[in-house]
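This report concerns only the one structure given below.
Numbering of ligands and ligand atoms starts at 1, following listing order.
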Amino acid sequence: MKDLIDILDLTTQEIDELIATAEDIIENPAKYSEKCRGKKLATLFYEPSTRTRLSFEAAMYELGGNVLGFSEANSSSAAKGESVADTARTVSCFADIIAMRHPKEGAPLVASMAASIPVINAGDGGHNHPTQTLTDLLTIKREKGRLGKMVVGCCGDLKFGRTVHSLIGAMSRYEGVEFYLISPEELVIPENVRTDILEKGNIKFVETRSLEDAMPHLDVLYMTRVQRERFFNEADYIRLKDSFILTPDKLTTAKEDLSILHPLPRVNEISTAIDSDPRACYFRQVLCGKYIRMALIMKLLGVE
Ligand code: CP
């Protein structure tokens with residue numbers, strides 16, 4: 001495998017191996033501190049990011065490598081009209097691996113076809129975010145001790161939420177995973193996810209408008225933000241943005257070992273009063289993002 005564009009590019013065995021490597025890095029960081037000495041990661045971010053870009057950069061530094069790149073399209077020759085393919089071909093002359101975020105679905109795939117070095121999709125529009133999914137899977141594995149046999153609630157913007165699409169794709173391949181899909185009518189899961197992944201895989205799922213109804217059943221609650229940047233008009237965003245707000249009173253019916261995840265950034269959808277609840281995993285999840293990206297960079301660079 002040269003690139004990671006979609007989480008389904010990885011078999012569950014490969015995902016389990018990446019998780020095992022990440023857990024070994026957590027236990028033995030010094031063992032990995034020279035693994036990418038002399039290698040360069042290019043972060044090509046055409047869309048804003050805090051966690052993904054900085055965790056990729058921290059990951060490469062902690063492997064002993066270096067980082068170059070841009071954090072907005074306007075500071076690159078994209079502002080002069082250069083294509084993603086030409087940029088990827090150019091960056092292949094300077095770096096050993098690319099992490100790319102782009103607002104257009106499919107842009108990292110186009111880059112991977114033009115680049116002579118591995119390309120990692122760091123989020124493409126409302127499509128996919130495979131390294132967030134690897135982060136989520138490592139977090140769930142560490143919190144629950146397993147990846148199968150659980151009920152996962154996905155709540156919020158399930159239409160444009162690329163992290164949810166990737167998570168459902170990945171977790172559907174583990175045995176005994178069921179979903180509660182909690183969203184407003186206007187932001188339900190896309191038809192292709194429903195038919196190609198859930199129905200085709202005979203995965204049990206319930207669609208509901210009520211977080212309260214779903215709560216008692218959940219082992220994992222994956223909250224998401226209603227994303228202003230994906231809406232075509234502001235009025236719809238304003239109407240839907242506060243559809244679900246997780247507050248302490250909503251957890252009264254939750255399991256004691258519920259794990260609450262969120263890819264972040266959060267806006268309003270989780271009250272800060274939840275942050276001190278031991279079931280809130282989202283900042284531990286951020287840290288998992290660095291370790292799984294270290295494991296992924298090593299895999300794609302063929303580092304033993
Ligand atoms: N989770 C995530 O992708 O965060 P950023 O947009 O800050 O990278």
Quiz item: Looking at Phe45, does the NZ or CZ of Arg101 lie under 6.0 angstrom from its six-membered ring centre and within 45 degrees of the ring axis?
Solution: no
Quiz item: Any donor-acceptor pair under 3.5 Å linking the side chain of Ser92 with the backbone of Ala115?
Solution: no
Quiz item: Where do Lys35 and Met298 land on the side-chain contact (heavy atoms from CB on, under 4.5 Å) test, with the steps shown first?
Solution: CA-CA 8 Å; Lys35 290 286 186 188; Met298 286 197 298; 3.8 Å; yes
Quiz item: Would you say Glu47 touches ligand 1, if touching means a heavy atom closer than 4.0 Å?
Solution: no
Quiz item: Which distance, rounded to the nearest 0.5 Å, do you find between the OG1 of Thr12 and the CZ of Arg173?
Solution: 6.0 Å
Quiz prompt | Donor-acceptor pair, side chain of His262 and main chain of Gln285, under 3.5 angstrom | solution = no
Quiz item: So, is Pro265 polar-close to ligand 1, with some N/O to N/O distance under 3.5 Å?
Solution: no
Quiz item: What atoms of ligand 1 come closer than 4.0 angstrom to any heavy atom of Leu264?
Solution: 1 (N), 2 (C), 4 (O)
Quiz prompt | Closest protein heavy atom (residue, atom, distance) for atom 6 (O) of ligand 1 | solution = Arg101 NH1, 2.9 Å
Practice problem: Please confirm whether Tyr180 and His217 have ring centers closer than 6.0 angstrom. | Solution: yes
Quiz prompt | Sub-4.0 Å atoms of ligand 1 with respect to non-hydrogen atoms of Thr52 | solution = 2 (C), 3 (O), 4 (O), 5 (P), 8 (O)
Exercise. May I ask you to identify the nearest protein heavy atom to atom 4 (O) of ligand 1, giving residue, atom name and distance to one decimal place in Å?
Key: Arg51 NE, 3.1 Å
Quiz item: Which ligand 1 atoms are under 4.0 Å away from a heavy-atom of Thr50?
Solution: 5 (P), 7 (O), 8 (O)
